[in-house]
Amino acid sequence: MVLKKNDEITLEITALTSQGSGVGHFEKMAIFVEGAVTGDKLLVHIIKVKSSYAVGIIKKILKPSCYRIVSDCPVSDKCGGCSYRNIKYEYELEMKKQIVEDALQRIGGLDIEVDEILSIDDNNHYRNKGQYPVSMDNDGKTLIGFYAKRSHRIIDCRTCLLAPKEFEKILNVIEHWAAQAGISFYDEKTGKGILRHIYLRKAYATKETMVCLVINAESVPKKDKLIAELTKTDETICSVVLNINKKNTNVILGGRCETIYGKDYIEDILCGLHFRISALSFFQVNPKGTELLYNKAKEYAALDKGKVLLDLYCGTGTIGLSMQGNAKEVIGVEIIPEAIENAKENARLNEITNARFICDDAAGAAKKLLNEGLRPDVIVLDPPRKGCSREVIDTVVFMRPERVVYVSCDPATLARDCKIFEELGYKVQKVTAVDMFPRTTHVETVVQLSK
Ligand code: SAH
């Protein structure tokens, strides 16, 4: 039978993809089904047929998988954040470990076992940040929540299970204030309207909260009323900031901020170090998970007081700074100037004097450092999803470090890069996956390579 659009077939789901879809085979053709779980027997409605695969949607669950559970979020199938909320968490962890192992094997050609996946105790309410688009529906009801999958339609959700519980009240206060102050909501089509996003950050260790309103204007009326209501509702709010974004763009934050109450930043503690987080600065969204990751990276780096560490793609310096106590010197490299400023500030804040930071492209900086004679004992790599460039890998290998610790948010590019390292004489020794983003499809991996 040749499969056509609108066909209905019975399908057994045999695996999950790294994007969170279930996959089964129909006469040797792979069929991808969103929301399906390994072990499900389904009646599937085919919506797309390509030469080598097809896509279907669940018409009926004929026999549910033993890994299937009922999602505890009413919007998880719409918002696209928690693709794994309908499977048991233990199985999610198993799958994520498998996804890393498969990538290393298939793409990297490596036959290595991944250590037990690390996870935090509580896989809800772990995020320290929420960015909520706002708008009004046709009946004049305010919508505050998240974009639906692959769209800019807002699904109202103020009780996201990944966000701090306290955020709900703050969102409601802002909604109420906006109505009273006559603040309109931004319309992407016309570019008109004031309030674009509500952006909230919380430091779990110090219990400080920042409220940031992203606005398509220079200011807003009735600021005092807003501040009074916010601070009365949640006494942990110690910073209220306006972020000005007048561009017609998908990028959430504009480049300018104005603090209208309290401090310009909140402070959090990670691996025993203090970090100042301003509205624009990058900070890992799951602090407990980040500690698991950084501690594993530290173990793999196996530094001692005589060693020099090069931290490439260092962001605000957090990995290098968390390891500096075990090193002679730490050098961080990062391409974003603001992040480097934050990294320097973070070093000062913690009275760290053996760390320096360079704002440059990783490949260029590594070459310069190599030419200056730097031979770090350990190099940490934590690139964005696309992984390291060939130039970076070549230069790292030229530096002949004892160990390379590669932290990655994309198993596929990690595997590709590990293969190159292996061809150049470095061997993958240990691999650990860390579940930094429970209930979503993302998984973080840390790898130790040595000569
Ligand atoms: N190690 C940090 C940040 C990792 S995210 C942490 O754990 O928080 C990856 C970082 O690489 C980002 O900060 C990004 O700005 C930076 N980056 C991206 N391309 C780069 C390049 N070509 N050279 C240097 N840094 C780069």
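Just follow the structure's listing: the first ligand is 1, and inside any ligand the first atom is 1.
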Would you please name every residue forming a side chain to side chain donor-acceptor pair (under 3.5 Å) with His442, sequence neighbours left out?
->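 Here no residue qualifies.
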Which N or O atoms of ligand 1 sit under 3.5 Å from a protein N or O, and how far apart is each pair?
{"residue": "ligand 1", "atom": "1 (N)", "partner": "Tyr313", "partner atom": "O", "Å": "3.1"}
{"residue": "ligand 1", "atom": "1 (N)", "partner": "Asp382", "partner atom": "OD2", "Å": "2.8"}
{"residue": "ligand 1", "atom": "7 (O)", "partner": "Gln284", "partner atom": "NE2", "Å": "3.0"}
{"residue": "ligand 1", "atom": "7 (O)", "partner": "Tyr294", "partner atom": "OH", "Å": "2.7"}
{"residue": "ligand 1", "atom": "7 (O)", "partner": "Asp382", "partner atom": "OD2", "Å": "3.1"}
{"residue": "ligand 1", "atom": "8 (O)", "partner": "Gln284", "partner atom": "NE2", "Å": "3.3"}
{"residue": "ligand 1", "atom": "8 (O)", "partner": "Tyr294", "partner atom": "OH", "Å": "3.4"}
{"residue": "ligand 1", "atom": "8 (O)", "partner": "Thr318", "partner atom": "OG1", "Å": "3.4"}
{"residue": "ligand 1", "atom": "13 (O)", "partner": "Glu334", "partner atom": "OE1", "Å": "2.7"}
{"residue": "ligand 1", "atom": "13 (O)", "partner": "Glu334", "partner atom": "OE2", "Å": "3.4"}
{"residue": "ligand 1", "atom": "15 (O)", "partner": "Glu334", "partner atom": "OE2", "Å": "2.7"}
{"residue": "ligand 1", "atom": "22 (N)", "partner": "Asp361", "partner atom": "OD1", "Å": "2.9"}
{"residue": "ligand 1", "atom": "23 (N)", "partner": "Ala362", "partner atom": "N", "Å": "2.8"}
{"residue": "ligand 1", "atom": "25 (N)", "partner": "Ile335", "partner atom": "N", "Å": "3.3"}

Using a strict 4.0 Å threshold on nitrogen-to-oxygen distance, state whether Glu372 and Lys368 make a salt bridge.
-> no
So, are Lys296 and Asp115 salt-bridged, with charged N and O less than 4.0 Å apart?
->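 Salt bridge flag = no for Asp115 with Lys296.
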Please list, chain by chain and in numerical order, all residues satisfying salt bridge (charged side-chain N to carboxylate O under 4.0 Å, His left out) with Arg403, sequence neighbours excluded.
->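 Checked Arg403 against salt bridge (charged side-chain N to carboxylate O under 4.0 Å, His left out); zero matches.
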How would you list all residue pairs meeting salt bridge (charged side-chain N to carboxylate O under 4.0 Å, His left out) that involve residues 231-251, not counting sequence neighbours?
->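 Residue pairs with at least one partner in residues 231-251: Glu218-Lys246, Glu229-Lys232.
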Any donor-acceptor N or O pair under 3.5 Å, side chains His274, Glu267 = yes
